[in-house]
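Numbers here simply count residues along the sequence, with the first being 1. Note that the structure is a prediction, hence the values are computed from the model and not measured.
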Amino acid sequence: MPEHAPEPAPAPPEDRELSPYTGWTRDHWEATADRLLLAVRPYTSRHHGLINLPGPRPSSSGVRSDGLEGYARTLLLAAFRVAGAGGADPYGHLDRYAEGLASGTAPGRHRAADAWPQMADTPQAIVESASVAISLRLTRPWLWDALDDATRQRTADWLMSALGPSPVDNNWWFFGLTVAGFLQDAGIETDRARRTIERSLARVEDWYLGDGWYSDGAGRAFDHYNAWALHFYPVLHAHLAGDKAMLDRYGPRLRTHLDAYGRLFGADGSPMPFGRSLTYRFAAAAAPWLGALTGHTPLTPGATRRLASGALRHFLDRGATDERGLLTLGWHGPYEPVLQSYSGPGSPYWASKGFAGLLLPPGHPAWTAREEPLPAETADAVTPLAGPGLLVQSTAADGLVRLHNHGSSQRAMDDDPCYARFAYSTRTGPAADDNHFALVVAGRPTRRGAPEPEGSGPDWAASSHTPHPGIRVHSLTLAHGRAEVRAHLVTGAPEGTPARQTGWATTPDGPTAQLQPVHGYTVRSTSDTGPTLQGPLSRTAALHGTTGDGPATLFVALASLTDEPDPAPVTALADVEVTDRTLTVTWQDGTTAVRTCGPPWS
């Protein structure tokens, strides 16, 4: 029978003077950490080595791995909570995890119900070893140093299995680095640990493409993993190691990344739902906190807390935890389409990374400064990110942020809505058929596949892709205010090939989506598109046309997504003239943009 957890303290009152946007202070973060940790207690194994959380399905690594995941990821939350309080631990969190270290690594049948999987058998354990290592490093005086010698030795032996080459050629290289960092500090196998750190940094360096962006492995896999994995681990390691040379190398990269990353949060606190593992939710706050911790951030202290508290509240206020106080597999609430095969009941607790701000002392300006608005709340902006081939568009009137994707893909998931769409926003969720341009070949709509960036400028970004052998599509997005011009130049397609452009998928209580044909489209339709991150029912508009008899056919549409009440029609936002392949766009404020579609995008 599950044990009964103590009742958490009541939530602190809001402070709208210090935090006019969210009302939250450091006290709220500490209280939230305690509530999340107390909620998982009834699901621990007998000697606390595993936390076997309930869920709709196990991960592909199996229930034993899922139990370790529940242990390791909540241990990370406990470590931030206790280390940030200088060792104060009113609920005795670390005592339970100390017993779990002993039982999880112990030999013998009497501990079988608590035993951790070995990394050679279960590679997912390598991922979890990083959370264990960070936690031991942060809480060393109160946890590691208090363990008996036998438990320390068994734990070190288990951790050292992570020091070999990564079995997955992406951000997984940083798990070995993170374990090595702890072992170095503890004086265990220091030469081997040093070599692991050097090897990991060298491998990931191949994927740094400048402007603060890494690809998550070979190719062009850009998403939120950049912030709280590819920047998080090396910068935190350098900070904890006191390695100034390393921090001088990786800290400025983090700062550059945060300059763009801070623009990807909406006024409602939502991070951009773009990429895989969205169920990690407010892990999105980890990198801004780390920037404040190390001094490598363009964000002011008040903007940092506003971003982080806004993200945390965004999810907690929208049902991210169930009636038991457990984080669910989904976005706001449970939502299976955003899950991957490796997602298990303990997976959402990587959201614990978002509590890294508790490492900042209570007197740090990030806790004491008055909250300041986010970039999305201050002025309309269109920001090209040349490295990843993205275009960020935000409007201050509604605090809504849109992301136009002209450079990111994930080869293993080239048709996944979380990667393959042309556009994403903080107020809509990827749906089965939103923001997509497809041709119908052999009776089936084409996939986008991997886009290749073809340039960008102050208000535009372009890319191309091959949806079918012999056919090439060159795509352009022009943005201004809330208006978007979407153009696609199709080459190599037989005459009469059907083409279809879809718009934003919106729910009945969501923002207003508009989609208007400009050139090449002859029919407009609207259909129900099923559930999204934002709700169970959405509708998406679509435009239809066919390719002509020449070597290339141009399709152009106007689109808009806005939370403004009673918005003007999208045709009032821009006038678009099409001459051959050249677009002349006159925006509502009288400014103009001229673009010739297709390379060299003159």
Should E205 and R253 be marked as a salt bridge (charged side-chain N to carboxylate O under 4.0 Å, His left out) after you check the CA-CA gap, both sets of side-chain angles, and the distance that decides it? CA-CA 12 Å; E205 190 68 18; R253 293 182 181 182; 2.6 Å; yes
Please tell me if the side chains of [X] and [Y] come closer than 4.5 Å, counting only heavy atoms from C-beta onward.
X	Y	answer
S131	E69	no
L327	T279	no
T321	T328	no
F80	S135	no
K353	L76	yes
W460	V585	no
P348	L329	yes
T32	L316	yes

Is the side chain of [X] donor-acceptor paired with the backbone N or O of [Y] at a distance under 3.5 Å, no angle test?
X	Y	result
R370	G302	no
H364	P361	no
S200	W173	yes
N171	D216	no
T591	W587	no
W331	L278	no
R220	G407	yes
R402	L561	yes

Consider only side-chain N and O atoms of [X] and [Y], and report whether a donor and an acceptor are under 3.5 Å apart.
X	Y	answer
T562	D398	yes
T586	T592	no
Q534	T428	no
R482	S560	yes
S270	D268	no
D243	H237	no

side-chain hydrogen bond (donor to acceptor under 3.5 Å, both in side chains) involving [X] - partner list, sequence neighbours excluded:
X	result
T300	E372
D185	R137
D248	K244
S408	none

Start with the C-alpha distance between W29 and S309, add both sets of side-chain angles, then the distance that settles side-chain hydrogen bond (donor to acceptor under 3.5 Å, both in side chains), and finish with yes or no. CA-CA 8 Å; W29 281 81; S309 293; 3.0 Å; yes
Report the C-alpha distance between L558 and L573 in whole Å, list the side-chain angles of each, state the deciding distance to 0.1 Å, and finish with yes or no for side-chain contact (heavy atoms from CB on, under 4.5 Å). CA-CA 9 Å; L558 266 172; L573 305 180; 5.9 Å; no
With sequence neighbours left out, what residues match D380 under side-chain contact (heavy atoms from CB on, under 4.5 Å)?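 If we apply the side-chain contact (heavy atoms from CB on, under 4.5 Å) test to D380, skipping adjacent residues, the hits are T395, A396.
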With ring pair (Phe, Tyr, Trp, His ring centres under 6.0 Å) as the criterion, how do F282 and H314 come out once you've worked through the C-alpha distance, each side chain's angles and the decisive distance to 0.1 Å? CA-CA 9 Å; F282 41 84; H314 177 84; over 10 Å; no
Would I197 and Q184 count as a side-chain contact (heavy atoms from CB on, under 4.5 Å) here? Give the steps. CA-CA 10 Å; I197 293 170; Q184 269 193 332; 3.4 Å; yes
Establish, for the pair R81 and F355, whether the NZ or CZ atom is under 6.0 angstrom from the six-membered ring centre and no further than 45 degrees off its axis.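 Not satisfied by the 6.0 Å and 45° rule.
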Both conditions, 6.0 Å and 45 degrees, for the charged tip of R276 above the ring of Y419: are they met here?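 Here R276 fails the 6.0 Å and 45° test against Y419.
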Pair Y250, H231 - check side-chain contact (heavy atoms from CB on, under 4.5 Å), show working. CA-CA 8 Å; Y250 293 96; H231 284 286; over 6 Å; no
Give me the atom names and distance for the closest heavy-atom approach of [X] to [Y].
X	Y	result
T22	G310	CG2-N, 3.7 Å
G330	L339	N-CD2, 4.2 Å
H474	G598	CB-CA, 4.2 Å
C597	L476	SG-CD2, 4.2 Å
A285	P288	O-CD, 3.3 Å

Spacing of [X] atom [atom1] and [Y] atom [atom2] [to the nearest 0.5 Å]:
X	Y	atom1	atom2	result
Y424	D434	OH	CG	8.0 Å
E371	W24	CD	CH2	11.5 Å
L201	T196	CG	OG1	10.5 Å
S394	L403	OG	CG	11.5 Å
S215	D223	OG	CG	9.5 Å
L374	L307	CG	CG	5.5 Å

For a side chain to side chain donor-acceptor pair (under 3.5 Å) with T477, tell me which candidate from H406, R486, Q393, E484 qualifies.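 Of the listed residues H406, R486, Q393, E484, the side chain to side chain donor-acceptor pair (under 3.5 Å) partner of T477 is H406.
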Applying side-chain hydrogen bond (donor to acceptor under 3.5 Å, both in side chains) to S19 and R305, what does each step give before you reach the verdict? CA-CA 9 Å; S19 303; R305 190 175 76 258; 3.2 Å; yes
Hey, what's the ring geometry for F422 with H436, parallel, tilted or perpendicular (30° and 60° as the breaks)?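 The arrangement is tilted - the two ring planes meet at 30° to 60°.
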Parallel, tilted or perpendicular: which one describes the rings of W228 and W350, with boundaries at 30° and 60°?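 Plane angle over 60°, so perpendicular.
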Which residues pass the salt bridge (Lys or Arg N to Asp or Glu O under 4.0 Å) test with R26, not counting sequence neighbours?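 With neighbours one apart ignored, the set is E30.
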Starting from the C-alpha separation in whole Å, work towards a yes-or-no answer on side-chain contact (heavy atoms from CB on, under 4.5 Å) for F222 and L209. CA-CA 11 Å; F222 302 106; L209 301 183; 3.4 Å; yes
Stepwise side-chain hydrogen bond (donor to acceptor under 3.5 Å, both in side chains) test for S277 and Y225: CA-CA 9 Å; S277 302; Y225 266 77; 2.7 Å; yes
